[in-house]
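Have a look at the structure below before the remarks.
Any value given below was found using the heavy atoms of this structure, including those in side chains, with hydrogens, waters and symmetry copies removed. A note on names: the letters A, B, ... follow the listed sequences, proteins ahead of strands, and every chain is numbered from 1.
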Amino acid sequence: MKTAHMENTFARIWRLVESIPSGRVATYGQIAALLGMPRAARTVGWALHSLPADRSTPWHRVVGAGGRIRLPNHGGKAVQRLLLRREGVPVNRKGHIDLDRFQWIPQEPV
DNA sequence: AAGGTGACCAAGG
DNA sequence: TCCTTGGCCACCT
């Protein structure tokens with residue numbers, strides 16, 4: 001049944017992203033998988049794109065598969081790189097992040 | 001109610 | 001490594 005406690009997908013995505021600690025990153029596909037939608041990576045990207053301005057969600061901690069920044073060059077790519085570096089995550093000139101060292105691995109079930 | 005759209009992804013050339 | 005292609009899924013018209 002559809003009831004008030006059912007939260008829409010975007011809200012679930014935002015909330016999960018908000019649990020990624022500073023200094024770590026997750027991939028779009030990983031977020032989707034953690035929410036039980038292993039093939040909904042595009043939906044995660046869309047959810048972050050349409051993030052409400054008044055919500056402080058660390059959208060910059062979500063990157064593409066393999067640790068690549070997927071934002072368009074003029075769509076905040078430089079901002080994401082800056083925010084990540086500011087919290088200690090190295091991003092090389094090509095926008096690559098080393099997932100082996102910086103990927104968020106939740107210790108407790110989400 | 002059916003089709004368009006993305007801050008995706010994996011595989012292939 | 002870079003680009004293209006086909007598949008995907010939830011939200012919006």
Side-chain angles (χ1 to χ4, degrees):
Chain A
M1 59 184 173
K2 301 178 184 213
T3 59
H5 64 68
M6 291 188 72
E7 213 176 357
N8 71 38
T9 300
F10 280 13
R12 296 178 66 218
I13 291 170
W14 297 331
R15 192 149 44 75
L16 179 55
V17 169
E18 282 157 14
S19 68
I20 306 174
S22 173
R24 312 244 86 181
V25 300
T27 68
Y28 296 96
Q30 177 187 0
I31 295 299
L34 286 171
L35 291 176
M37 311 181 293
R39 292 168 198 166
R42 304 190 70 154
T43 303
V44 174
W46 194 20
L48 295 181
H49 177 70
S50 34
L51 198 58
D54 60 346
R55 185 150 182 164
S56 61
T57 301
W59 57 268
H60 59 285
R61 294 178 191 150
V62 184
V63 300
R68 306 169 53 199
I69 290 186
R70 299 302 278 188
L71 269 62
N73 297 329
H74 297 295
K77 184 173 190 174
V79 176
Q80 181 166 23
R81 190 166 52 223
L82 174 66
L83 291 173
L84 284 174
R85 283 176 171 163
R86 177 191 287 173
E87 54 188 48
V89 178
V91 184
N92 72 18
R93 181 165 41 248
K94 300 194 173 183
H96 289 194
I97 293 136
D98 184 353
L99 287 186
D100 289 338
R101 290 164 52 198
F102 297 97
Q103 183 171 25
W104 174 50
I105 308 296
Q107 300 300 340
E108 306 176 16
V110 288

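One N or O on the side chain of A:Arg85 and one on the backbone of A:Val91 form a donor-acceptor pair closer than 3.5 Å. Under the 3.5 Å distance criterion, the side-chain polar atoms of A:Trp14 are matched with a main-chain donor or acceptor of A:Ala47.
Proximity of residues 21-49 of chain A to DNA chain C (heavy atom under 4.0 angstrom from any strand atom) is restricted to A:Met37, A:Arg39, A:Ala40, A:Arg42, A:Thr43, A:Trp46.
Taking the side chain as every heavy atom from C-beta outward, A:Asp100 and A:Gln103 never approach each other to under 4.5 Å. Considering only heavy atoms from C-beta on, A:Gln80 comes within 4.5 Å of A:Val63 through its side chain. The shortest distance between side-chain heavy atoms of A:Gln30 and A:Pro106 falls below 4.5 Å.
The residue A:Lys94 sits close only to the backbone: its heavy atoms come under 4.0 Å of sugar-phosphate atoms, none of a base.
Distance A:Leu99 CG to B:dC9 C1': 14 Å, rounded to the nearest Å. Taking atom CG of A:Leu71 as the reference point, atom P of B:dG6 lies 14 Å away to the nearest angstrom. Put simply, CZ on A:Phe10 is 16 Å from P on B:dT5, counting in whole angstrom units.
Shown here for A:Gly23 and A:Phe102, the closest heavy-atom pair between the two residues is O-CD2, 3.7 Å. Nearest heavy atoms, A:Arg101 versus A:Pro90: NH2-CG, 4.5 Å.
Remark: the separation of the C1' atoms in B:dA7 and C:dT13 is 22 Å, to the nearest Å.
A:Val79 and A:Leu84 end up in the same hydrophobic cluster when Ile, Leu, Val, Met, Phe, Trp and Tyr side chains are linked at under 4.5 Å.
Close approach of DNA chain C to chain A, defined as any atom under 4.0 Å from a non-hydrogen atom of the protein, starts and stops at C:dC2 to C:dC11.
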